[in-house]
Amino acid sequence: MMDKRYDAKAAEAQWYPFWENNGFFGASPDDGGKPYSVVIPPPNVTGILHMGHALNQTIQDVLVRWHRMRGDNTLWIPGTDHAGIATQNVVEKALRKEGKRRQDLGREKFVERVWEWKKQYGGTIVHQQRKLGNSTDWSRERFTFDEGCSRAVARVFTQLYDEGLVYKGNYIVNWCPRCGTALANDEVEHEPNHGGFWYVRYPVAGSAKGVAGESYKDYVMVATTRPETLPGDTAVAVNPKDDRYAHLVGKTVILPLAGREIPVISDDYVDREFGTGIVKITPAHDPNDFLVGKRHGLAEINIMTDDAHMNELAGAKYCGMDRWECRKAIVADLEAGGYLDHIEEIDNQVGHCYRCHETVESRLSKQWFVKMAPLAKPAIEAVKSGETRFVPERWSKVYFNWMENIQDWCISRQLWWGHRIPAYMLKNPGGADDGRMFVAETPEAALEKARKATGNPALQMEALEQDPDVLDTWFSSWLWPFSTLGWPEKTKDLEYYYPTCDLVTAQDIIFFWVARMMMAGMHFMGRPPFKNIVIHGIVRAADGSKMSKSKGNSLDPLELVEAYSADALRFSMALITSLDCDTKVNKEKFEIGRNFATKIWNAARFMEMNAGKSEGFSFRAFRADSALAEALGPDPALSADDRHLLMAADRACEAMDAHLSRYRIQDGALAVYDFFWTQICDWYVEYAKDVFNAGDAARSRTVLSVLASVYWRALRLLHPYMPFVTEEIAHKLGYLSAAESIMRAPFPRASGEAEKAAWKLSEDAFAYVEAKREMITAGRALRAEYRVPPSRAVAFEIAAADEAAAERLRADEGSLKSALRAESIAVSCGGGELAMPGTLVKLGTIYMPLDGLVDKAAELKRVTAELEKARGFLKGVRAKLANDNFTAHAPAAIVDDQRRKETELSAQIAKLEKLAKLFA
RNA sequence: GGGCAAUUAGCUCAGUUGGUUAGAGCACUACCUUGACAUGGUAGGGGUCACUGGUUCGAGUCCAGUAUUGCCCACCA
C-alpha cells in the first residue's frame with residue numbers, strides 16, 4: 001500500500017544509488033543505436049552547487065533522460081575543471097592559516113598540496129550534483145587536469161606551436177607591485193578616485209622652440225592622469241573623424257623633457273569629447289595604449305621596475321624614483337619647462353589589488369599567445385553553414401560579432417597550479433640561457449629535440465629548464481568535448497560519440513568557452529564539437545538582481561532539495577524558465593513542483609485503492625502500451641470520456657516530443673502538468689468515481705484499465721522532469737519489477753492507427769466531451785453565482801442542437817447529474833424556450849429553478865450588463881462580416897467562425913432579453 | 001560609447017508562421033473539511049498587451065520612432 005504522504009527524502013536516497021550502482025546511467029558504443037551525447041559544462045572543482053547549476057543541469061537532464069527513453073544511445077559525461085586561480089587561492093588561503101606562503105613550500109610541494117586538497121574536497125560538487133538527480137555516467141567522470149586531459153593539452157600546444165599558431169610576445173598584465181604578481185582582471189578592484197588631470201603641451205616637430213618659461217606657439221595639448229608615464233610615450237593619438245586635428249596626423253611632435261620625436265596617429269579608441277581629444281600613447285603602461293600600439297606598430301618602452309620604481313629608460317634624473325615621487329618631479333619639470341598648461345581635477349576609477357590594496361600597475365611582460373584569426377574562420381563557417389546551430393538562434397549574432405573581431409589569446413598564467421607549458425629552455429653549462437627553446441609533448445621528447453639541435457647526444461635533462469608558467473584554465477576546457485572521449489587516442493568512444501549533440505550553457509561563457517570549443521573542435525577534429533548550442537538565461541533573485549552570497553539574496557539548491565525535494569526543484573525550474581530571458585526565482589516557486597508531486601502521488605493512491613476492489617487487477621499488465629488494446633478487446637465499450645482521455649494522452653505525447661525536440665523545456669513541463677492535473681485528475685478521476693460508484697463491474701474494469709494505462713504514459717512523460725517520484729510510483733504501483741527502472745522504460749507514444757480505429761478515437765468524440773465540460777462548468781457557475789448550497793439539488797434543462805446530440809446527452813445523464821449535483825436533467829432539442837417562469841438561462845442551454853434564491857433587481861442589473869456586452873460583440877462581428885475585404889481575404893475557417901459567432905450571439909441576446917423581461 | 005534583449009493581470013511569465021471575446025502559476029474573493037489529494041476542490045474578480053505612428057480586411061504578433069529597464073563588451077586617457 002502506498003503511504004498517505006509521499007516521502008521524497010526517502011525516495012531520493014533510495015533511487016539515486018539504485019540507478020548509479022546498477023549502471024542505468026552508463027553508455028557504450030557497443031550498444032549501438034543512434035548516439036546522443038552531451039558533455040556537462042565542468043564546474044570548478046572548488047565550486048559548490050548554485051542555482052545556475054540547478055537550471056543548467058535540469059535542462060540537460062531533461063533532454064538526456066528524454067533521449068535515453070526514446071532509445072537513443074545516450075551518454076552524458078560529467079567532470080570538473082581544475083580552475084587554476086580559484087583552486088590555487090583556496091589552497092593558499094589554507095596555507096596562510098598555518099602562517100605559510102606558497103613560496104615557503106616551493107613549487108613542487110605546493111602543487112602536491114593542491115592535489116591533496118583536490119582529493120579531499122574536490123568531490124564536493126559532484127556529490128551535490130547527484131542530489132539533483134543528474135543521470136551522468138559517473139564511470140566516465142573527468143577532470144581537466146587528469147592524465148588524459150593533460151596529454152590532450154600537451155598535444156594541442158605542441159601542434160599549434162609547430163603550426164606557428166602559438167607564439168611568445170609582449171602583453172600587458174595587471175601587476176601588483178607589492179605582491180610582485182600578476183592579477184587577473186577580476187582580481188582587480190576598481191575604486192573611485194579623485195585626482196589630477198594634467199594638460200601638457202607637446203610641441204609640433206619643426207616648430208619654433210621656446211625656452212624654459214615661455215609657451216610654445218605650435219603644439220598639441222594632451223591631457224593625462226598619469227604624467228609619470230610620459231617618458232614611455234611613443235605617440236599621441238587623435239580620433240580619425242576629428243576635423244580639428246586631421247592636419248596633424250602623420251606629423252611628429254616632440255616629447256617634453258625627453259626630447260624624442262613621436263608620431264601623431266589616428267585611432268578610433270580616442271574619444272573626441274574627452275579631455276582635449278588628444279591622447280598620449282604609452283603602450284608599456286596602459287592596456288588600451290598597448291592595443292593601440294599593437295595596431296600601429298609602436299615601440300613599447302617599459303620605464304618601471306617590478307616594484308613600481310622608475311628605471312633607466314625613464315631618464316637618468318628619474319631613475320630610481322618611486323612612481324608617485326616621479327609624478328611630482330615630472331609635473332614640476334613640465335611646469336618649469338613651460339609645457340604644463342593647467343591642471344584640472346577629475347573623478348575616475350583606479351584599480352587596486354584585491355589582496356593588499358596597492359594601486360595596480362599595468363606591466364609589460366612576455367606571455368604565450370594563440371593566433372586566433374586562423375582558428376576562428378572555420379568556426380564561423382560551421383555556424384554560418386548551419387552545421388552547428390545556436391538555440392535561440394539570436395546568439396549566433398553575438399558569436400559572430402566576437403569571432404569576427406577576435407584578438408589573440410593570452411594563454412600563459414603566472415601560477416603554479418595548472419598545465420605547465422611544455423616549452424623547455426636550453427641552458428649552457430654555466431647555467432646561462434642558451435637562447436634556444438624546444439616545445440614537445442614530454443620532457444623526453446624535448447630532450448631528444450635538443451640533442452638533435454645541439455648535435456650533442458649526451459645532453460642531459462638538467463640542461464633543459466621548463467617554462468615556469470602554466471596555461472590558462474580554458475586551454476584545457478576548450479578541448480573538453482573530445483578530450484573527455486579519449487583524444488588524442490583514436491578511441492571507439494570518440495568515433496561514436498563525437499560530435500556531441502547538445503551543449504547546454506549560460507550566455508556568460510559564450511566567448512570564454514563555447515567559441516573556443518568550436519575553434520578547437522574544427523581545428524583538431526575537423527568537425528564542430530556539437531550540433532546545437534543551447535543558451536539559457538541566468539538565475540536571478542526575485543528582485544531581478546544577481547544572486548550573490550554577500551548580498552544574502554541567493555538560494556541554495558541543496559536547501560531547496562531539502563525543503564521541497566529534488567523533483568520539485570527541477571520541475572519548478574523547468575516550468576518557470578524560458579531560454580529567451582533570465583529567470584527570477586524565489587522560494588515560493590518551488591511549491592509548484594512539490595504540490596505537483598503530491599498531486600500525482602494521490603492520483604496513484606486513488607488508482608491503487610480502486611484496483612484493490614477489482615479482482616486480479618495488475619498495473620504490471622499495462623506496462624506495455626499495447627497492453628490496453630489487449631485488455632479491452634477488439635470492440636471495447638468505451639465512453640466518450642474514455643476516448644477523450646486516450647486522445648488527450650496522445651496529444652500530450654505528441655506535444656512533449658514536439659516541445660523537447662525544439663528545446664521548449666518549459667512548454668513540455670506545462671504540457672505534462674496540464675495533462676496530469678487537468679485531464680487526468682480534475683476530469684477523468686472525477687468521472688471514474690461516478691463509474692466506480694455505479695457498481696457496473698465491467699465498466700469499472702474498463703475505466704480502471706484506461707486510467708492505469710494512461711497514467712503509466714503520463715508517468716513516463718513526466719520522468720525526465722521528475723525522475724524520483726515517477727520511479728517511486730512506478731514501483732509502488734507495480735508497473736515495474738524491482739530490478740527495472742522507469743528511466744529505461746520506452747518514452748510513450750501516441751496510439752497507433754489500429755488502436756485509434758478500435759477505440760473509435762475521433763475529433764467528434766473529443767469535441768463532445770469538451771462541450772459537455774463547458775456545460776458542466778456553466779452549471780457549476782450558476783450554482784456558485786446564486787449561492788445554491790451543495791445540499792440543495794436543482795433541476796437542469798439542457799437544450800441540444802439536434803436529436804443525435806440530445807441522445808448522447810441523455811446517455812450521459814448519470815455523469816451530468818453527478819457533476820452538477822442535480823436531481824434531474826431534462827434534455828430538449830433546438831435551443832428551446834424558457835421552461836418555466838422564474839428560471840434563469842445562461843448560455844442558452846442550462847436552466848434551473850431559482851425561486852426564492854434570486855434578488856431580482858440585482859439580476860436585472862447583471863443581465864443588462866451582459867446584454868450590453870453581447871450586443872457590443874455582435875456589433876463587432878457584424879461589422880467584420882459586412883466588410884467585403886474581410887470575407888475576400890480571410891481564410892474560410894475564420895469567416896465561418898465569425899458567422900457561427902453571429903448566430904450564437906443573436907440567440908444569446910434573444911434569451912438575455914427574455915430574461916431581462918422576467919426580472920423587470 | 002559599442003552590441004544584444006526586454007516592456008502582456010498585483011507578482012513571475014506563456015502567447016509557435018499576423019486570424020474566434022489574449023492564457024498559466026502565484027497572490028486575491030466566495031463557497032466547499034465531499035472516502036485520492038486542504039501541498040486540495042469548485043467558481044469568480046483582475047489586462048485600452050509601455051507610448052506614438054505606419055503596413056494590413058485584421059496587429060500582443062510585422063515596420064519605424066519615443067520612453068523605461070536589463071545584460072554583455074569597452075571603460076574613459
Side-chain angles (χ1 to χ4, degrees), chain A residues 2 4-6 190 197 222-226 229 237 268-271 273-282 286-289 292 346 348-349 394-395 397-398 401-402 405 507-508 510-511 537-538 540 542 544 546 564 568 572 575-578 580-586 588-589 591-610 658-659 662 664 666-667 670 673-674 681-682 685-686 688-689 777 780-785 787-790 821 869-870 872-873 876-877 880 883-891 893-898 900-901 905:
Chain A
M2 291 174 73
K4 179 149 192 193
R5 292 174 71 102
Y6 167 55
H190 289 271
F197 199 28
V222 169
T224 179
T225 55
R226 301 212 53 198
T229 64
D268 282 330
Y269 156 67
V270 182
D271 181 351
E273 310 302 321
F274 194 83
T276 61
I278 307 180
V279 196
K280 72 188 206 53
I281 301 296
T282 322
D286 180 278
N288 286 304
D289 293 7
V292 173
I346 191 171
N348 60 358
Q349 300 269 322
R394 65 184 162 90
W395 289 108
K397 274 193 246 172
V398 176
N401 193 20
W402 189 72
N405 298 294
Q507 51 197 258
D508 50 354
I510 291 181
F511 304 141
I538 312 249
R540 298 180 168 278
K546 229 171 188 161
Y564 299 99
S572 294
L575 194 65
I576 64 180
T577 289
S578 147
D580 285 315
C581 53
D582 292 350
T583 303
K584 289 179 203 160
V585 298
N586 55 38
E588 289 70 47
K589 293 269 166 75
E591 289 176 9
I592 303 171
R594 182 200 55 189
N595 295 354
F596 188 37
T598 304
K599 190 72 182 175
I600 67 167
W601 180 260
N602 281 300
R605 286 182 62 225
F606 172 81
M607 289 200 301
E608 187 190 43
M609 201 173 280
N610 286 288
H659 291 317
R662 290 164 57 219
R664 310 282 300 204
Q666 182 183 38
D667 290 347
L670 204 61
Y673 184 83
D674 178 72
C681 296
D682 287 350
V685 164
E686 293 305 315
K689 283 179 189 170
T777 301
R780 285 171 178 164
L782 282 173
R783 289 196 80 112
E785 270 179 58
R787 311 259 182 282
V788 183
R821 296 189 157 280
K869 214 170 150 189
F873 288 144
V877 169
K880 236 181 192 178
N883 186 337
D884 292 340
N885 278 323
F886 171 71
T887 43
H889 291 102
I894 303 290
V895 178
D896 286 348
D897 244 3
Q898 292 295 315
R900 195 166 48 76
K901 191 160 301 300
L905 282 167

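Reminder, nothing fancy here: chain letters follow the sequence lines and each chain counts from 1.
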Classify A:D667 by what it touches in the nucleic acid, base, sugar-phosphate, or nothing, heavy-atom distance under 4.0 Å.
sugar-phosphate
Rounded to the nearest angstrom, tell me the gap between atom CD1 in A:I894 and atom C1' in B:U20.
7 Å
Return the set of residues passing side chain to side chain donor-acceptor pair (under 3.5 Å) with A:N602 (not counting sequence neighbours), or none when no residue passes.
A:R605
What are the two closest heavy atoms between A:K589 and A:I576, and how far apart are they?
CD-CG2, 3.7 Å
Counting any heavy atom closer than 4.0 Å, what does A:D286 reach on the DNA or RNA strands: base, sugar-phosphate only, or nothing?
nothing
Determine the interatomic distance between C1' on B:G18 and the same-named atom on B:U61; round to the nearest Å.
6 Å
Distance between P atoms of B:C63 and B:A22 (Å, rounded):
23 Å
Counting side-chain heavy atoms from C-beta on, which of B:A36, B:C37, B:A5 comes nearest to A:A603?
B:A36
Stems formed with participation of RNA chain B [Watson-Crick or G-U wobble, under 3.5 Å, three or more pairs]
B:1-7 with B:67-73, B:10-13 with B:23-26, B:28-32 with B:40-44, B:50-54 with B:62-66
Given the P atoms of B:G54 and B:U68, what is the spacing between them in whole Å?
24 Å
Which atom pair, heavy atoms only, marks the closest approach of A:Q666 to A:L575?
NE2-O, 2.9 Å
With rounding to whole Å, what would you report as the distance between B:U69 and B:G44 at their P atoms?
39 Å
Just checking A:F596: base, sugar-phosphate only, or nothing, at a heavy-atom cut-off of under 4.0 Å?
nothing
Distance in Å, A:N595 CG paired with A:K599 NZ, rounded so as to fall on 0.5 Å steps:
10.0 Å
To the nearest angstrom, the CD1-P distance between A:I600 and B:A36 comes to 18 Å
Could you measure between the two C1' atoms, the one in B:G19 and the one in B:C11, and give it in whole Å?
31 Å
Please indicate whether A:R780 has more than 12 foreign heavy atoms, meaning atoms of other residues, nucleotides or ligands, lying under 6.0 Å from its CZ.
yes
Any base atoms under 4.0 Å from A:D289, or only sugar-phosphate, or nothing? Heavy atoms, all strands.
nothing
Which value, in whole Å, describes the distance between the P atoms of nucleotides B:C71 and B:U12?
15 Å
Can you check the distance between B:U34 and B:G41, where both ends of the measurement are the C1' atom (answer in whole Å)?
9 Å
Over all heavy atoms of both residues, which pair between A:K4 and A:W601 is shortest? Give the atoms and the distance, please.
O-NE1, 3.6 Å
How close do A:D289 and A:T282 get, heavy atom to heavy atom, and via which atoms?
OD2-N, 2.8 Å
Ignoring the backbone of A:F886, work out which of B:A36, B:C57, B:G41 is nearest its side chain.
B:C57
Any donor-acceptor N/O pair under 3.5 Å between B:C37 base and A:K599 side chain
yes
Tell me: NZ of A:K4 to C1' of B:A38, nearest whole Å?
10 Å
Proximity to the side chain of A:N885 - top-ranked nucleotide from B:C72, B:C57, B:A5:
B:C57
Looking only at heavy atoms, what is the nearest atom pair of A:A568 and A:R594, with distance?
CB-N, 3.3 Å
Nearest listed nucleotide, side chain of A:R780, among B:A5, B:U42, B:A36:
B:U42
Base, sugar-phosphate, or nothing: which does A:T777 touch, judged by heavy atoms less than 4.0 Å apart?
sugar-phosphate
Output one line per pair: protein atom, nucleotide atom from nucleotides 23-33 of chain B, and distance, for all N/O pairs under 3.5 Å.
none

Identify, between A:N288 and A:A890, the residue whose nearest nucleotide on RNA chain B lies closer to the 5' end.
A:A890
Closest to the side chain of A:R664, out of B:A77, B:A14, B:A36, is B:A14
Nearest-Å distance for atom pair NE2/C1', residues A:H889 and B:C57
7 Å
Under 4.0 angstrom, heavy atoms only, what part of the nucleic acid is A:V685 near: base, sugar-phosphate, or nothing?
base
Base, sugar-phosphate or nothing for A:E608? Non-hydrogen atoms, less than 4.0 Å.
nothing
Just checking A:G277: base, sugar-phosphate only, or nothing, at a heavy-atom cut-off of under 4.0 Å?
base
Shortest non-hydrogen contact from A:V877 toward A:Q898
CG1-O, 3.3 Å
Just so I know, are the side chains of A:I592 and A:Y673 near enough to count as touching, which here means a heavy-atom distance under 4.5 Å?
yes
What's the closest nucleotide to the A:Q898 side chain, out of B:C37, B:A5, B:U20?
B:U20
Of the candidates B:C13, B:A77, B:A43, the side chain of A:Q666 sits closest to B:C13
Counting the atoms with a prime plus P, OP1 and OP2 as sugar-phosphate, which does A:R594 contact under 4.0 Å by heavy atoms, base, sugar-phosphate, or nothing?
base
For A:I538 and B:A6, what is the distance between atoms CD1 and P respectively, to the nearest whole Å?
16 Å
Roughly how far, to the nearest 0.5 Å, is the CG atom of A:D667 from the CG atom of A:D674?
12.0 Å
B:U48 and B:A9: how far apart are their P atoms, nearest whole angstrom?
9 Å
Which nucleotide in the set B:C75, B:A36, B:U16 lies at the smallest distance from any side-chain heavy atom of A:R662?
B:U16
Side chains of A:F886 and A:I894: closer than 4.5 Å at any heavy-atom pair?
yes
